[in-house]
Amino acid sequence: MTAPATTSHRADPLTAVCASLADPSIVGPAPDGRTRPQSLAGGAVGIALLHIERAISGLGDETTAHTWIRAAVSEPVSIGHNSDPFHGAPALAFMLHTASPLGGYRRATTSLDEATTTLTRQRLAAAHARIHRREPLTMYEFDLVHGLTGLGLYHLHAHPDHPISGDLVTYLTRLTEPLGDNTDRPPWWLPSGLGGVPHDDFPHGHGNIGAAHGISAVIALLAYAVLHGHDTPAARDALTALCDWTDHYRQDDPAGTWWPGYVAPDTELKRHRPSWCYGTPGTARAQQLAGQAQRDPIRQQRAEEAILTALADDTQRRRLPEIGLCHGKAGLLQSACRMAADSTNPTRSAQFAAHLPRLAAQLATQLASETPADPELMNGTAGAALALHTAAIGNPATGWDTFLALS
């Protein structure tokens with residue numbers, strides 16, 4: 001486990017960045033809705049997480065956190081078709097659950113949790129009906145950003161003993177049930193392109209391994225479930241089936257272990273850049289959690305060595321010119337920090353301790369030089385600041401990175 005870095009060279013720049021994000025007027029409506037208040041990716045919900053984490057850890061201002069929370073709930077709450085883990089009631093429920101140590105939002109939290117539970121039950125009913133019809137899985141049914149894996153991350157962290165959490169685990173185990181479609185493709189195969197809709201480049205669909213829209217987030221959530229009160233034979237069998245599938249496509253070459261972001265017929269396997277969404281960070285963290293749940297030190301070792309390779313390889317890191325959590329350096333840094341904290345191997349812990357400060361320094365320098373930078377959580381300043389905060393203090397005071405399937 002790595003020791004928290006000293007704050008002598010990072011605290012002032014990080015505080016300055018957080019101060020630049022103090023005023024909610026920096027977030028406004030946009031034609032695509034991405035930056036509206038209830039958006040986790042680009043709106044007030046996501047930036048509120050930064051100020052909540054900083055306040056609860058004792059490094060930020062509670063008043064600023066409350067100001068951002070109020071901004072996030074400033075519009076009528078979306079509970080309809082367009083609400084999902086990254087927008088509307090579920091995103092707001094997650095934000096308020098994270099903010100619970102600040103106090104003052106009990107009624108709102110209860111209301112949003114009830115709305116999210118109702119939405120989850122509706123989505124579960126539709127998913128089970130699809131399975132009964134033996135129809136192919138869709139990305140929007142199950143993935144982390146839009147679907148039941150993202151909703152599961154909220155429920156299993158907010159109230160693991162609630163019946164809805166058990167229902168979600170049951171659904172995840174059903175994802176591995178054969179559909180009886182007379183193909184050799186697994187039941188989690190997607191009949192679409194990478195955007196979740198039919199695409200000419202993917203006439204036979206694809207198997208998605210990534211964390212944002214693929215099976216790595218399911219692996220992480222099943223592992224978390226097994227480790228936190230849902231250790232059932234069905235959950236273990238499902239976790240094993242998914243891990244076996246990813247093992248089949250794992251690549252071990254002189255440059256280190258890696259997994260492709262996706263697989264498709266007649267398509268060459270490619271090493272994705274080391275971004276959280278489709279690359280080593282999200283996938284390796286899922287494999288590390290699976291290793292813990294399966295009591296498999298070899299799986300943990302491979303996962304940790306894979307991300308250490310990405311941290312040490314200048315060529316790989318140069319493929320991350322952005323700062324953000326989704327596509328950039330912040331996602332690699334946050335994933336590596338979480339994996340470092342869970343590593344029990346002294347040699348690998350020492351390697352994490354050697355590499356993480358360098359990546360954090362690179363990110364801090366880039367963040368300070370990018371003005372004006374996008375303030376948003378997933379691709380902008382807020383997410384980069386949160387990753388730097390984690391690197392500076394060790395494990396976060398809140399579970400803000402739950403929505404990334406990292407905790």
Side-chain angles (χ1 to χ4, degrees), residues 85 94 120 123-124 127-128 130-131 137-139 141-179 186-190 207-250 259 276-278 281-300 302-304 306 335 338-339 342 399 401-407:
F94 173 65
T120 303
R123 302 282 174 87
L124 281 170
H128 286 299
R130 189 270 306 168
I131 294 172
L137 176 67
T138 65
M139 183 178 289
E141 176 186 303
F142 89 100
D143 80 349
L144 180 150
V145 175
H146 307 97
L148 285 163
T149 300
L151 292 169
L153 286 165
Y154 165 71
H155 287 294
L156 266 79
H157 283 76
H159 38 64
D161 297 328
H162 191 285
I164 195 68
S165 296
D167 293 342
L168 281 156
V169 175
T170 297
Y171 160 73
L172 293 175
T173 66
R174 294 199 71 193
L175 286 183
T176 63
E177 292 181 4
L179 291 173
W188 53 89
W189 191 266
L190 301 173
N208 199 305
I209 297 177
H213 304 293
I215 218 67
S216 284
V218 180
I219 289 174
L221 183 52
L222 279 171
Y224 184 88
V226 168
L227 291 166
H228 294 84
H230 295 273
D231 188 357
T232 66
R236 283 191 169 273
D237 288 346
L239 181 60
T240 297
L242 295 175
C243 286
D244 287 348
W245 184 70
T246 57
D247 287 348
H248 179 74
Y249 293 104
R250 187 189 71 241
W259 297 262
W276 163 81
C277 54
Y278 273 93
T283 302
R285 175 56 168 165
Q287 294 289 323
Q288 185 193 41
L289 290 170
Q292 293 173 359
Q294 296 172 326
R295 299 180 181 87
D296 182 351
I298 300 301
R299 186 172 300 281
Q300 290 179 249
R302 285 177 176 147
E304 291 168 15
S335 303
R338 280 297 193 181
M339 293 183 69
D342 281 352
D401 57 353
T402 294
F403 77 95
L404 297 170
L406 296 179
S407 64

Legend entry - Side-chain heavy atoms of Ile164 within contact of Leu124, under 4.5 Å: yes
Legend entry - Smallest separation among heavy atoms of Gly399 and Ser407, with atom names: O-OG, 4.1 Å
Legend entry - Closest non-hydrogen atom pair between Leu222 and Ala238, with its separation: CD1-CB, 4.0 Å
Inset, instruction - For Gly214 and Phe142, work out which heavy atoms get closest and say how close. - result: O-CE1, 3.6 Å
Legend entry - Derivation and outcome, side chain to side chain contact (heavy atoms under 4.5 Å, CB included), residues His228 and Leu156: CA-CA 8 Å; His228 294 84; Leu156 266 79; over 6 Å; no
Legend entry - Over all atoms of both residues, closest heavy-atom pair of Ser335 and Gly282: OG-N, 4.3 Å
Inset, instruction - Taking all non-hydrogen atoms of both residues into account, name the closest pair between Trp259 and Arg302 and its distance. - result: CH2-O, 4.5 Å
Inset, instruction - List for me each residue that meets ring pair (Phe, Tyr, Trp, His ring centres under 6.0 Å) alongside Phe94, sequence neighbours excluded, and say none if there are none. - result: none
Inset, instruction - Dump the intermediate steps for side chain to side chain contact (heavy atoms under 4.5 Å, CB included) on Leu144 and Leu221, then the final yes or no. - result: CA-CA 10 Å; Leu144 180 150; Leu221 183 52; over 6 Å; no
Inset, instruction - Answer whether the closest heavy-atom distance between the side chains of Arg130 and Leu179 falls below 4.5 Å. - result: yes
Inset, instruction - Decide yes or no for Thr246 and Thr283: does some side-chain heavy atom of the first lie under 4.5 Å from some side-chain heavy atom of the second? - result: no
Inset, instruction - Could you point out which residue of Asp237, Ile219, Ile209, Leu175 forms a side chain to side chain contact (heavy atoms under 4.5 Å, CB included) with Leu242? - result: Ile219
Inset, instruction - Say whether Ser165 and His230, considering side chains only, have a donor N or O and an acceptor N or O under 3.5 Å apart. - result: no
Legend entry - Exercise: identify the closest heavy-atom pair between Ala211 and Trp276: CB-O, 3.8 Å
Legend entry - Gap separating the CG atom of Leu406 from the CZ atom of Arg338, nearest 0.5 angstrom: 7.5 Å
Inset, instruction - Hey, could you give me the OG/CZ distance between Ser216 and Arg285, rounded to the nearest 0.5 Å? - result: 12.5 Å
Legend entry - Straight-line distance of Tyr224 OH to Leu153 CG, nearest 0.5 Å: 9.5 Å
Inset, instruction - Give the C-alpha distance, both sets of side-chain angles, the deciding distance and a yes or no for side chain to side chain contact (heavy atoms under 4.5 Å, CB included) between Leu190 and Leu137. - result: CA-CA 6 Å; Leu190 301 173; Leu137 176 67; 3.9 Å; yes
Legend entry - From CD (Gln292) to CG (Leu227), nearest 0.5 Å: 6.0 Å
Legend entry - Validation row: Asp247, Arg299 side chains within 4.5 angstrom (heavy atoms): yes
Legend entry - Asp143 (side chain) donor-acceptor with His146 (main chain) under 3.5 angstrom: yes
Inset, instruction - State the CD-CE distance between Glu304 and Met339, to the nearest 0.5 angstrom. - result: 5.5 Å
Inset, instruction - Name the orientation class of the two ring planes belonging to Tyr278 and His213 (parallel below 30°, tilted from 30 to 60°, perpendicular beyond 60°). - result: tilted
Inset, instruction - Report yes if the side chains of Gln294 and Leu239 come closer than 4.5 Å at any heavy-atom pair, otherwise no. - result: yes
Inset, instruction - Decide side chain to side chain contact (heavy atoms under 4.5 Å, CB included) for Asn208 and Trp188; before the verdict, give the C-alpha distance in whole Å, the side-chain angles of both, and the deciding distance to 0.1 Å. - result: CA-CA 8 Å; Asn208 199 305; Trp188 53 89; over 6 Å; no
Legend entry - Spacing of Asp161 atom CG and His155 atom NE2 [to the nearest 0.5 Å]: 14.0 Å
Inset, instruction - Check for a donor-acceptor pair, side chain of Thr173 on one end and backbone N or O of Ala235 on the other, with a separation under 3.5 Å. - result: no
